[in-house]
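Here is the structure we will look at, set down as structure tokens.
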Amino acid sequence: MSVTNQALEEFLSRSPLQVGPELLGARLSRQSEDGLVTVRLTEVEAYCGQQDPGSHAFRGPTRRTEPMFGPPGRLYVYFSYGMHWCTNLVAHEPGVAGALLLRAGEVVEGHELVLARRRKEVWNEKIASGPANLAQALGLDGASTGLDLASAGMHLELPAHAEEYLASGRVGVSGAGGDPVAYPWRYYLPHRSVSAYRPGKNVPNLNR
DNA sequence: GGCCTGATGGCCT
DNA sequence: GGCCATCAGGCCA
């Protein structure tokens, strides 16, 4: 479903818990100098504000996390494990931080460019599986954090109808925020591109 | 200034 | 399933 910028802004000006499931199946494209890539989002995770112990926004804004506190519709891209970039789409109600971590997608356009960016010879359904791989497929890095979608050359097309989805605890989130009972905020479609679940350290409720 | 940790991914067994 | 590279951010002194 194609929507106006204003409609998209309203769509994203809600809790990440509402936005997350509705983002599944959306087509996200990015036009850059080297070409166009479009993915169909198959896996996202919701991160809220200062009430969410798993969120980078938990301890309040910092230079890095400032975009999560800014207007919905911008990107929050952060560097992880010394070698990976991960992309979030900022979404929240007024006055609270929040974002959706884009964890996996099905590439529907720009296969050759994705192969080149991922430095692969052979196509694989999981080529954009996992947040760092998805960011790389879209050609995103820290240069894009804080930009709105248009400024990053991106366009989001929402799905025409809601898709049947699954939920689980968030991948690799340690401590209370990784609790799958309290924070079942990973949303995904039944699709081969979805990444493997991995619990964080010291997560409660794992054995329930 | 120093120390610890991580919203990971790829390679090895 | 296990291991670990690699470095920025965040916290504490």
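Every chain is numbered from 1, with letters handed out A, B, ... down the list of sequences.
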What is the nucleic acid contact for [X], judged by heavy atoms within less than 4.0 Å: base, sugar-phosphate only, or nothing?
X        : result
A:Ser195 : nothing
A:Arg118 : sugar-phosphate
A:Arg170 : nothing
A:Gly177 : nothing

Which of the following nucleotides, [options], is nearest to the side chain of [X]?
X        : options              : answer
A:Ser55  : C:dA8, B:dA7, B:dG10 : B:dA7
A:His84  : B:dG6, B:dG9, B:dA7  : B:dG9
A:Ser174 : C:dA5, B:dT8, B:dG6  : B:dG6
A:Asn133 : B:dG9, B:dG6, B:dT8  : B:dG9
A:Met83  : B:dA7, C:dG10, C:dA5 : C:dA5

Q.
Is a donor from one side chain sitting under 3.5 angstrom from an acceptor on the other, for A:Arg74 and A:Ser144?
A.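 Distance-only check fails for A:Arg74 and A:Ser144.
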(Q) Just by distance, no angles: are the side chains of A:Ser193 and A:Ser129 close enough, under 3.5 Å, to form a donor-acceptor pair? (A)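 No, no side-chain donor-acceptor pair sits under 3.5 Å.
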**Q.** Candidate pair A:Asp52 and A:Arg170, rule salt bridge (charged side-chain N to carboxylate O under 4.0 Å, His left out), full reasoning
**A.** CA-CA 12 Å; A:Asp52 174 4; A:Arg170 295 175 292 187; 2.9 Å; yes
Q. If you link I, L, V, M, F, W and Y whenever their side-chain heavy atoms are under 4.5 Å apart, who else ends up in the same group as A:Val194?
A.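 A:Val194 shares its hydrophobic cluster with A:Leu166, A:Tyr188.
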Report the distance from atom [atom1] of [X] to atom [atom2] of [N], rounded to the nearest whole Å.
X        : N     : atom1 : atom2 : value
A:Asn202 : B:dG6 : CG    : C1'   : 13 Å
A:Phe79  : B:dA7 : CZ    : C1'   : 14 Å
A:Glu43  : B:dT8 : CD    : P     : 10 Å
A:Arg119 : B:dG9 : CZ    : P     : 16 Å
A:Tyr81  : B:dG9 : OH    : C1'   : 10 Å
A:Lys201 : B:dA7 : NZ    : P     : 10 Å
A:Trp85  : C:dC7 : CH2   : C1'   : 11 Å
A:Asn88  : B:dA7 : CG    : P     : 11 Å

Q. Does a side-chain heavy-atom distance below 4.5 Å link A:Glu22 with A:Leu158?
A.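 No, their side chains stay 4.5 Å or more apart.
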Q.
I'd like to know if A:Arg198 reaches the base of B:dG9 with its side chain such that a donor and an acceptor end up less than 3.5 angstrom apart.
A.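 Yes.
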Q. Do the side chain of A:Tyr78 and the base of C:dA8 come within less than 3.5 angstrom through a donor-acceptor pair of N or O atoms?
A.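 Flag unset: no donor-acceptor pair detected.
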Q.
Classify the ring geometry of A:His111 against A:Trp123: parallel below 30°, tilted from 30° to 60°, perpendicular beyond 60°.
A.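 Taking A:Trp123 first and then A:His111, their aromatic rings sit tilted (interplane angle of 30° to 60°).
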Q.
Taking only side-chain N and O atoms of A:His56, does any of them lie within less than 4.0 angstrom of OP1 or OP2 on C:dG9?
A.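 It does not, given that no N or O in the side chain of A:His56 lies less than 4.0 Å from OP1 or OP2 of C:dG9.
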Q: Would you tell me if any nitrogen or oxygen in the side chain of A:Arg103 comes within less than 4.0 Å of OP1 or OP2 on B:dA7?
A: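 Indeed not, no polar side-chain atom of A:Arg103 lies that close.
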Q: Using a strict 4.0 Å threshold on nitrogen-to-oxygen distance, state whether A:Arg27 and A:Glu106 make a salt bridge.
A: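 Looking at A:Glu106 together with A:Arg27, the answer is no, because their closest N to O distance does not fall below 4.0 Å.
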**Q.** Pair A:Arg186 + A:Glu43: basic N to acidic O under 4.0 Å
**A.**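 Yes, charged N to carboxylate O under 4.0 Å.
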Q) Is the A:Phe79 to A:His84 ring centre distance short of 6.0 Å? A)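 For A:Phe79 and A:His84, the ring centres are not under 6.0 Å apart.
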**Q.** Secondary structure of DNA chain B in dot-bracket form (Watson-Crick or G-U wobble, distances below 3.5 Å, | marking inter-strand pairs)
**A.** ||||||.|||||.
**Q.** Other residues, nucleotides, ligands: >12 heavy atoms within 6.0 Å of A:Asn5 CG
**A.**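 No.
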What protein N or O atoms touch nucleotides 11-13 of chain C N or O atoms at under 3.5 angstrom, if any, and at what distances?
unit_1: C:dC11; atom_1: OP1; unit_2: A:Arg59; atom_2: NE; d: 3.2

